[in-house]
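One structure below.
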Amino acid sequence: MPDKFLKPYDASETETRLYDAWEKSGLFNPDECVARGVTSANAPVYTVTLPPPNVTGVLHIGHAYEDSLQDAVVRYHRMKGDRTLWVPGTDSAAIATQARVEKNIQKEEGKSRHDLGREELVKRVAAFAKASEGTILSQVRRMGASLDWSRYAYTLDDTRNRAVTEAFKRMYDAGLIYRGHRIVNWDPKGQTTISDDEIVYQEEKAVLYYLQYGPFTIATARPETKFGDKYVVMHPDDTRYSAWSDGQQIELEWINGPITATVIKDASIDMTFGTGVMTITPWHSMVDFDIAERHELDKEPIIDEFGKLLPIAGEFAGMKISEAREKIVEKLRGKGLVVKEEAYTHNIATAERTGGVIEPQIKLQWFVDVTRPFTLVRSDIPGIASGATLSLKELMRAAVVAGGVNMPQEGFRNAYLHWIENLRDWCISRQIWFGHRVPVWYSGENIHIGAQAPAGGEWTQDPDVLDTWFSSALWTFSTLGWPRETDDLATFHPTSFMSPAYEILNLWVSRMILMSGFLLGQVPFQTVMIHGLVRDKQGRKFSKSLNNGIDPLDMIGRYGTDALRMGLLVGTAVGNDVSFDEGKVKGYKHFANKLWNVARFVLSNTSADATPQSALVPADHELLTAFDTLTTDVTLDMENYRMYLAAEKLYHYIWHELADKIIEESKPILAGTDEGARTSRQALLLTLLDRSLRMLHPFMPFVTEEIWQSLPTKDAPFLMVARWPS
RNA sequence: GCGCUCUUAGCUCAGUUGGUUAGAGCGUCCGCCUCACACGCGGAAGGUCAGGGGUUCGAAUCCCUUAGAGCGCACCA
């Protein structure tokens, strides 16, 4: 028995040493596994893509959980003998990264992005991203993640840039990407558009004003947008207003004088709200915009990009809307147009990143059309035939409904389908500078799609960049080299498994299905297991303001990676939020040491030649059979992604069966005079330890590997590539 | 408003298609440094499985309902 077993288990020394050894061996790479003969060349393929962390980020407890979950799955499949690939990468996170660098520059140099100019800013942001890349990558390694680093990808590297341009071009050519004046979510604070999914609604107490509008009374919470209102809308079935007909014109006195208004009948009006009549402001309201589109009405801007009133507001022009509101109401009161005021609670849209209040605006932006039909020439997606004509919405739906993408968690599946029902066109252009620039060039009336301007003529590139999720949506295949027809792409796509947090189900999962479906005619992954968030013991999210953050590296330093992984995985069904409990992590540190001591006992009581199982006495054979039952059970759990149960069962077996019972019973046998019983027991102990280590390895890779390296049953260079028991 | 998830021991959570006395970790109490392990060992206390109703031979598990917590989507002018 090696001397190391005489001391308690030392996680920190072991973990860094072993990770280096694994990485140097090259066996995280499935091709190397085949070359070295530890994996069969025609074995089934199993692929996982790491949800890329922000390149400038640091590892937080949520990553730690996600990495633990995926690494357990990946290691299981590798040991099962699959050609297993787990692809690493990082994300440029355009808005977040640019905002951070801008803030630094402002602080250190007192300069804004406009002072620096586009080229310089992008250079600085890119440099910052590059400089901080190493931090997150080394932290992911600390988690023990068995990623094939030779395939590392970054969303802004050359291959991924090519993928983005190609994807844009193909969608444009298919008529699925268009540029148009459409109403978008404008963030006056961030000075950019954002997508519907980047909005957070916040409750606000406001006043609902009932205003006299000619013969009608209208209710509004936003009198400051009413200057241009010249359409008054009601439900066609509303009997209170049956005297009025669609298109009828009426003269009335309004904020800044007499106007002519037109009556519009539209079924989208809620007859029970307010008075059942409203005026519309198509430029600054999604709903109003839709009504205006249906009836082909005029649209006029009232508010500018900085949230100030335009000249149409007359004397109020130039005022911020917040200060103008009360003044306008005052004027309306003076004119006797305010009928009544009542307290009112509603939700206002704010930008997730900046907290700015969203002001819908009609802007010229690029969109992905989710309802326009196209022909999918070649489809490997169950439920969608090659040559089928369908919309992206239908594609996203069919891919899940027909089981091409298996979403075993019914709740998330419903949420996904519900989201698709309500989906609008996806606004993909952003008015920032860092990220994938829209690959479109203009020269007068001419448009060219591509990374470079065409030769000859004066071409200018679109100034906007793409929504960061546009490139992320390509991730499962851009990481494998697409649009080039690489061997990797042919071999490893569609991927097998994806496990993102439910926060990004809509932002990311659905868009991967969209892009993969359209561009490859494949699903991006066969099974998606949505996981929950890690919260503190009170169930709160971790946040800077609560100061309740947990640094995974700190936990690793104190208890070891194996313990942290177990503490996060055991006992929380995938999809539920994980309540982080340091005590639990500590408990699994103790477990790692327990295992260490089991190994010490077994190794110091067996000799290297005590391995043949044929000599087992009946009692020992029975214990081995009992273990086989556990093996079957745990394997089934692993196959069904119930890692939390598998890990708990192994823990329970090793501590309360193997250590508490079997080892205790073994002491008299090993000290006894019955040679046959003793040899049999030695063989049994060695076998049970060996197989326990194999099955525990996906969860606690380090301590199991370290012990296994000293076992006489060792039959592979690493436990990492040894065979899963059956 | 529409939809989803959750409510099990003091705390945090498991309980896989309904099946014997409902489990784990931490915590608590008692006794132990017994040569694998004090990062440990032995033992103990602690639950009307949110409330009510139903289906069933049998329910923490399925159905209905009430209450509470959380989340998603939509959104009211």
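Just so we're on the same page: letters track the sequence lines, and every chain starts at 1. The structure presented is a predicted model; accordingly, all values stated were derived computationally and were not measured.
With B:G15, B:A36, B:G25 as the choices, the nucleotide that has an atom nearest any side-chain atom of A:Asn597 turns out to be B:A36. Nearest to the side-chain atoms of A:Ser579 among the listed nucleotides B:U12, B:G40, B:G15 stands B:U12. Side-chain proximity of A:Asp270 to the nucleotides B:A36, B:C76, B:A14 is greatest for B:C76. Picking from B:G25, B:A36, B:C39 the nucleotide with the shortest atom distance to the side chain of A:Asp581 gives B:G25.
Within the nucleic acid shown, A:Lys594 comes within 4.0 Å of at least one base atom, counting heavy atoms only. When heavy atoms are screened at a 4.0 angstrom cut-off, A:Ala219 is found touching base atoms of the nucleic acid. Among the atoms of the strands shown, none is found under 4.0 Å from any heavy atom of A:Leu603. When heavy atoms are screened at a 4.0 angstrom cut-off, A:Val287 is found touching the sugar-phosphate backbone but no base atom. Among the heavy atoms of the strands, none lies under 4.0 Å from A:Glu639. Nucleic acid contact for A:His656: sugar-phosphate only, since backbone atoms but no base atoms lie under 4.0 Å from a heavy atom of the residue. A:Asp577 comes within 4.0 angstrom of no nucleic acid atom, judged by non-hydrogen atoms across all strands. A:Tyr201 comes within 4.0 angstrom of a nucleotide base, judged by non-hydrogen atoms across all strands. Nucleic acid contact for A:Thr281: none, since no nucleic acid atom lies under 4.0 Å from a heavy atom of the residue. Across all strands, A:Lys226 comes closer than 4.0 Å only to sugar-phosphate atoms, never to a base (heavy-atom distances). Looking at heavy-atom distances under 4.0 Å, A:Ala573 makes contact with sugar-phosphate atoms alone, never a base. A:Asp660 comes within 4.0 angstrom of sugar-phosphate atoms only, judged by non-hydrogen atoms across all strands, and of no base. If you check every strand for non-hydrogen atoms under 4.0 Å, A:Tyr651 touches sugar and phosphate atoms only. Residue-level contact check: A:Arg600 touches the backbone only, with heavy atoms under 4.0 Å from sugar-phosphate atoms and none from bases.
Pair assignment for B:A67 gives B:U7, based on Watson-Crick or G-U wobble hydrogen-bonding distances that are each under 3.5 Å. Of the nucleotides present, B:G31 is the one that pairs with B:C41 by Watson-Crick or G-U wobble criteria, both distances under 3.5 Å. Nucleotide B:G72 is matched to B:C2 when pairs are restricted to Watson-Crick or G-U wobble geometry with both distances under 3.5 angstrom. B:G19: Watson-Crick or G-U partner is B:C57, with both key distances under 3.5 Å.
B:C62 and B:G58 are spaced 13 Å apart, taking the C1' atom of each and rounding to whole Å. Here, B:A22 and B:A59 have their P atoms 13 Å apart, quoted to the whole Å. Distance noted for atom C1' between B:C37 and B:C32: 15 Å (whole Å). Annotation: B:A45 and B:G40 have their P atoms spaced 22 Å apart (nearest Å). A gap of 27 Å separates the P atoms of B:U20 and B:C26, to the nearest Å. For the C1' atoms, the distance from B:A14 to B:G23 is 7 Å, rounded to whole Å.
Of the possible polar contacts, one joining the A:Trp508 side chain to the A:Ser472 backbone as a donor-acceptor pair under 3.5 Å is found.
The side chain of A:Trp655 contributes no N or O atom lying less than 4.0 Å from OP1 or OP2 of B:A36. At least one side-chain nitrogen or oxygen of A:Lys667 sits closer than 4.0 Å to the OP1 or OP2 atom of B:A36. In this model, the phosphate group of B:C73 is not approached by any side-chain N or O of A:Asn414 to a distance below 4.0 Å at OP1 or OP2. The side chain of A:His418 contributes no N or O atom lying less than 4.0 Å from OP1 or OP2 of B:C2. For the OP1/OP2 pair of B:C76 and a distance below 4.0 Å, the side-chain nitrogens and oxygens of A:His235 include no atom meeting the criterion.
Ion pairing between A:Lys80 and A:Glu639 holds under the 4.0 Å rule for side-chain N and carboxylate O. Of the charged side-chain nitrogens involved, at least one lies within less than 4.0 Å of a carboxylate oxygen, so that A:Arg642 and A:Asp637 count as a salt-bridged pair. Look at A:Arg294 and A:Asp290 and you find no salt bridge, because none of the NZ, NE, NH1 or NH2 atoms lies under 4.0 Å from a carboxylate O.
The cationic group of A:Arg565 does not satisfy the cation-pi geometry with A:Phe699, failing either the under 6.0 Å distance to the six-membered ring centre or the 45° limit from the ring axis. A:Lys340 forms a cation-pi arrangement with A:Tyr210, by the criterion of a distance under 6.0 Å to the ring centre and an angle within 45° of the ring axis.
Classification of the A:Tyr651-A:His656 ring pair by plane angle, with boundaries at 30° and 60°, yields perpendicular.
Taking the nucleotide of RNA chain B with the nearest heavy atom to each of A:Ile280 and A:Pro8, the more 5' of the two is matched to A:Pro8. Looking at which nucleotide of RNA chain B each of A:Tyr588 and A:Ser604 is closest to, the 5′-most match is held by A:Tyr588.
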